[in-house]
Amino acid sequence: MDVITHFDEIFLKGKNQLMFIRCLADNLDELFPKAAIQRVEGGFVILNLEDDDLERLSKIPGIAKLAPCQVIGNSMDEIKKCLSGMEFDKSVREFRITASRSYKKYPINSDNINRELGGLLIDKYGWKVNLTRPELNIYIDISKDKAVVYINPQEGASGLPIGSAGKVMCLVSGGIDSPVAAYQMMRRGAEVVFVHFQNQTQVTDEVSLKIIDLTKTLAQYQSSIKLFIAPFAECQRQVVMKIPADYRMIITRRLMFRIAEKLSKKENCQALITGDSLGQVASQTLENLTAIYDSVDMLKLAPLIGMNKSEIMKLARKLGTLDISNRPYEDCCSLFVAKHPQTKSKLQDVLELEKQLDLSTLDNLEIISYNISMIKQD
Ligand code: ATP
Ligand code: MG
């Protein structure tokens, strides 16, 4: 299958255009190694895709619109032949043709192309023209050496191509939110590295597999993903022993941030990403977020902070992470959550409690790293 993709307009403005376009082309090259990419006005034509690639392509950051297309010669005869051979939905009554010429020396102007081709279809099917809300919009993009024909393009993910905005590290739990948060950052052009904190006393393989499956699913959009799994049992043991139950969650999350910050420096990541959404769980009140986010100086971003759970779940379903996130397993935090966790923690109290901990354990963790890739192989 061949598909036309149009760039999101935002990055077509300004001097960095070429960088963005190159970045998107490189991403597509890696994600669809068997496809061939051709530059056309405002986008790419991607040749030789598999049928199920269309769905995946609709989630690749940087693409605003896409549609299966036919690439043909640009003579009117060839375009007419192409239209006559196309099959249309039987229910169609109203249509329009939207021709555009990037090759301005083409002998017929767009209006006349629309009229001539429109007339052909009216004669053949008896349809009516509807310029504002057509059921069927047939696009014909004419360039110097070819014409691309497609109908009713669908919305893409839009945003910026992954890698164009730098690198960040996402703290990924086995829950629904953090994988979606990672994708939201990808959609704004960030390359995402993942870190998961694991209590090895749990059923370790099951947990690792879940996190690996989540990252693999996201590797459909960012072709290769680095995942760190950090052992967390010793940190938790200390927290359980030395911190009162209602403050454990907050202090645990502060320790996660500290480890993630160290890793980020090594990986050249510029921000830490979480799946926090305001008020969703006890650790996500403004007071608690203040106490948690104070733990490191590095930039922390929570792209889901203003989203409702239902919106997050909808996106998770679309990305393919929801079913994996829903697999039962105990997140390391849920093992020692207090019945009534602190919802209005005070930073002063947190700092005081934290003095009980030996933070040097954070320096000697044996962190495992994986390179996750989803590139289809034969
Ligand atoms: P999620 O659905 O992403 O698990 P949540 O609503 O369950 O989020 P919390 O469990 O309080 O909320 O976690 C808030 C955020 O802290 C997560 O979105 C994630 O970024 C980070 N986090 C929590 N547990 C872990 C973990 N074990 N490893 C890495 N990050 C974690
Ligand atoms: Mg969680």
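Numbering of residues begins at 1 and proceeds along the displayed sequence. Only this structure's heavy atoms are used, side chains among them; waters, hydrogens and symmetry mates stay out. For ligands, and for the atoms within them, numbers begin at 1 and follow the listed sequence.
We find the CD1-OG distance between Ile305 and Ser277 to be 6.5 Å, quoted to the nearest 0.5 Å. The distance from atom CD1 of Ile138 to atom OG1 of Thr98, rounded to the nearest 0.5 Å, is 9.0 Å. Note: Leu353 CG to Arg248 CZ = 11.0 Å, rounded to the nearest 0.5 Å.
Atoms of ligand 1 lying under 4.0 Å from at least one heavy atom of Gly175, given by number and element, are 1 (P), 2 (O), 4 (O). Heavy-atom contacts of Val281 reach the following atoms of ligand 1: 11 (O), 12 (O) (cutoff under 4.0 Å). Which parts of ligand 1 touch Val195 is read off a 4.0 Å heavy-atom cut-off, strictly below it: atoms 29 (C). The distance from ligand 1 to the heavy atoms of Met256 drops below 4.0 Å at these ligand atoms: 24 (N), 25 (C), 26 (C), 27 (N), 31 (C). Against a heavy-atom cut-off of under 4.0 Å, Thr274 is close to the following atoms of ligand 1: 20 (O). Under a 4.0 Å criterion applied to the non-hydrogen atoms of Ser283, ligand 1 contributes the atoms 11 (O). Residue contact check: Gln280 has heavy atoms under 4.0 Å from atoms 6 (O) of ligand 1.
Taking the side chain as every heavy atom from C-beta outward, Phe257 and Leu171 approach each other to under 4.5 Å. You'll find the side chain of Leu31 stays beyond 4.5 Å of the side chain of Gln220, heavy atoms only.
The residues Arg258 and Glu261 are annotated as not salt-bridged, no charged nitrogen and carboxylate oxygen being separated by less than 4.0 angstrom. With salt bridges taken as basic N to acidic carboxylate O contacts below 4.0 Å, none links Lys128 and Glu94.
Taking only nitrogen or oxygen atoms, main chain and side chain alike, Lys309 does not reach within less than 3.5 Å of ligand 1. At least one N or O atom of Arg253 sits closer than 3.5 Å to an N or O atom of ligand 1. Annotation: Gly174 places no N or O atom under 3.5 Å from an N or O atom of ligand 1; distance criterion only. Of the polar atoms of Met249, none of the N or O atoms is found under 3.5 Å from an N or O of ligand 1, judged by distance alone.
The residue among Ile176, Leu171, Ile292 with a heavy atom at the shortest distance from atom 21 (C) of ligand 1 is Leu171.
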May I have the list of side-chain donor-acceptor pairs in residues 62-75 shorter than 3.5 Å, sequence neighbours left out?
from  : atom 1 : to     : atom 2 : distance (Å)
Asn74 : ND2    : Ser143 : O      : 2.9
Asn74 : ND2    : Lys144 : O      : 2.9
Ser75 : OG     : Glu78  : N      : 3.2

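Taking 4.0 Å as the cut-off, Gln198 does not count as a neighbour of ligand 1 on heavy-atom distance. Distances from ligand 1 to the non-hydrogen atoms of Val180 include no value under 4.0 Å.
With sequence neighbours left out, the ring pair (Phe, Tyr, Trp, His ring centres under 6.0 Å) criterion links Phe228 to no other residue.
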